[in-house]
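Since the structure comes first, as structure tokens, the remarks are kept for the end.
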Number of protein chains: 2
Amino acid sequence: MQISELARRTGVPVATVKYYLREGLLPSGELTGATRARYDEAHVERLRLVRALLGPGGLSVATARSVLAAVDAPGTAVHEALGAAHRALPGVGPGDPPDLDRARAVLARRGWRVAEDSPALRALAAALAALEAAGYPPGDDLLDRYAEAAGRIGEQDVAEVPAGSLPEAVRFVVVNTVLLEPVLLALRRLAQEDASGRRFSGG
Amino acid sequence: MQISELARRTGVPVATVKYYLREGLLPSGELTGATRARYDEAHVERLRLVRALLGPGGLSVATARSVLAAVDAPGTAVHEALGAAHRALPGVGPGDPPDLDRARAVLARRGWRVAEDSPALRALAAALAALEAAGYPPGDDLLDRYAEAAGRIGEQDVAEVPAGSLPEAVRFVVVNTVLLEPVLLALRRLAQEDASGRRFSGG
DNA sequence: AACATTGGACACCGCCGCTATCCAACCAGG
DNA sequence: CCTGGTTGGATAGCGGCGGTGTCCAATGTT
């Protein structure tokens, strides 16, 4: 199929498809002439993935490029792919390292083992610092409950990874890491709304 | 104190403080002359809150303005404030309403009661649609486990709301709704990393 | 031969979060 | 009372981002 059909089938404007090609989010089609290229079903799928990452996934083009690079890297082991995806995700800038101790303490209480330089660890520390700066330093009990809930989820996420094909596993890990975040946040808000209704408006 | 000290104490450039004043994120100080205004501790606190919402909270200036309006509205009941905060948060655009049925079914299985037009419900539906479009439609069991974990968290969030002062409760709800999101996401990633290490690299 | 479409390159746009400049009005020190 | 630095307020500009519009020669299609 040609670019116009690729665009039509995915609902993405042709100019935007060209933009994604330029940005390296979408591999170029097979050239059949100086002004013709052929695209296939894989491109349709990839384009849908790109749109999901950029839109609901909330990734920037640059971040999506890194994440997709992790997906494309051949022979990546699943654990490394997950690390690469985490590293590519919008983390904390190169600001001064906040107090990792508090974050590490939470992990230690749950017995979690993560890389020393895990971006998620830095992200947690930064988030805790932000809460502190806003005047609501979270208590250990709160953090522990959050960690317990997060633990169930992370456990399940990893358990669901398909064992067969390695590239498929990598793709699964990346997609689910990114696209289940909005699901989790929406569910949390819904749970809050339900609990708030029960507590505060006696429904 | 004057604007320069306010800026110094919070580490925010004076030009940026002026910008926040213009944008209505920060109430103006008490005018003591045509070119003088006095700021107090409340301004310091508010400015820190604004920075937390804009930075780690990930809110846009426009969204932060709405959220802060909910905080400032006098006499708002807690349940309504939470609703206002949720409504102000970056939700789903006015695109065509996706299939809310799948989302509603998840809530029904847990017995949650939320507003018919809850923005979080639309957000959940949109997130599910994105997963579907990306080729990974989530199973009911996955959703139920996510919902269970989210339920514990939402329950705790609401339980922690201080009962005494109403404005304080509203502020607490808004701050925690927004600023605990990055905490939860970071913890999920850390849990994934731990579980992945145990499953895939036999640590 | 006539016409539409394509890949590719480049310029441009609108939005956003600041940031820089300027000004008249001040206030503080000497 | 003068001098110099600071302030509130207004306005303009900037850099990054995610596209979009335009143009071109080469290529298909009829």
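Only heavy atoms go into these numbers, but all of them, side chains included; no hydrogens, no water, no symmetry mates. Sequence lines set the chain letters: A, B, ... in the order given, protein chains first and strands last, and positions in each chain run from 1.
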Within the 3.5 Å criterion, strictly below it, is a donor on [X] or [Y] matched to an acceptor on the partner's side chain?
X	Y	result
A/Q192	B/H86	yes
A/T63	A/S60	yes
A/D157	B/Y146	yes

Whole-Å distance between [N] [atom2] and [X] [atom1]?
X	N	atom1	atom2	result
A/L26	C/dG7	CG	C1'	14 Å
B/L31	C/dC26	CG	P	11 Å
A/R36	C/dG8	CZ	P	12 Å
A/Q2	C/dA4	CD	P	16 Å
A/L21	C/dT6	CG	P	13 Å
B/L47	C/dC18	CG	P	11 Å

Side chain of B/T35 only, please: which of C/dA24, C/dT19, C/dG7 is the nearest?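 Within the option list, the nearest is C/dA24.
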
Verify, without hydrogens or angle tests, whether A/E181 (side chain) and B/L185 (backbone) share a donor-acceptor contact under 3.5 angstrom. no

Any donor-acceptor N/O pair, B/T16 side chain to B/V12 backbone, under 3.5 Å: no

Is any side-chain nitrogen or oxygen of A/S4 closer than 4.0 Å to OP1 or OP2 of C/dT6? yes

Run the ring-ring contact (aromatic ring centres under 6.0 Å, His included) test against B/Y39 and tell me which residues pass, sequence neighbours left out. B/H43

Looking at A/D144 and A/R110, is there a salt bridge between them, counting it only when a charged N and a carboxylate O are closer than 4.0 Å?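 Here A/R110 does not pair with A/D144 in a salt bridge, since their nearest N and O are not under 4.0 Å apart.
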
Look at A/E148 together with A/R152 and state whether they make a salt bridge at an N to O cut-off of under 4.0 Å. yes

Write down the protein N/O and nucleotide N/O pairs, taken from nucleotides 9-17 of chain C, whose separation is under 3.5 Å; answer none if there are no such pairs.
| unit_1 | atom_1 | unit_2 | atom_2 | d |
| --- | --- | --- | --- | --- |
| C/dG17 | OP1 | B/V61 | N | 3.2 |

Once you round to the nearest 0.5 Å, how far does CG of B/L190 lie from CZ of B/R188? 11.5 Å

Classify A/T32 by what it touches in the nucleic acid, base, sugar-phosphate, or nothing, heavy-atom distance under 4.0 Å. sugar-phosphate

Have a look at B/A15 and say if it touches a base, only the backbone sugar-phosphate, or nothing, with a 4.0 Å heavy-atom cut-off.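 Base contact.
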
Using a heavy-atom cut-off of 4.0 Å to chain A, what are the terminal contacting nucleotides of DNA chain D, in 5' to 3' order?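 For DNA chain D, the relevant span reads D/dG18 to D/dG28.
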
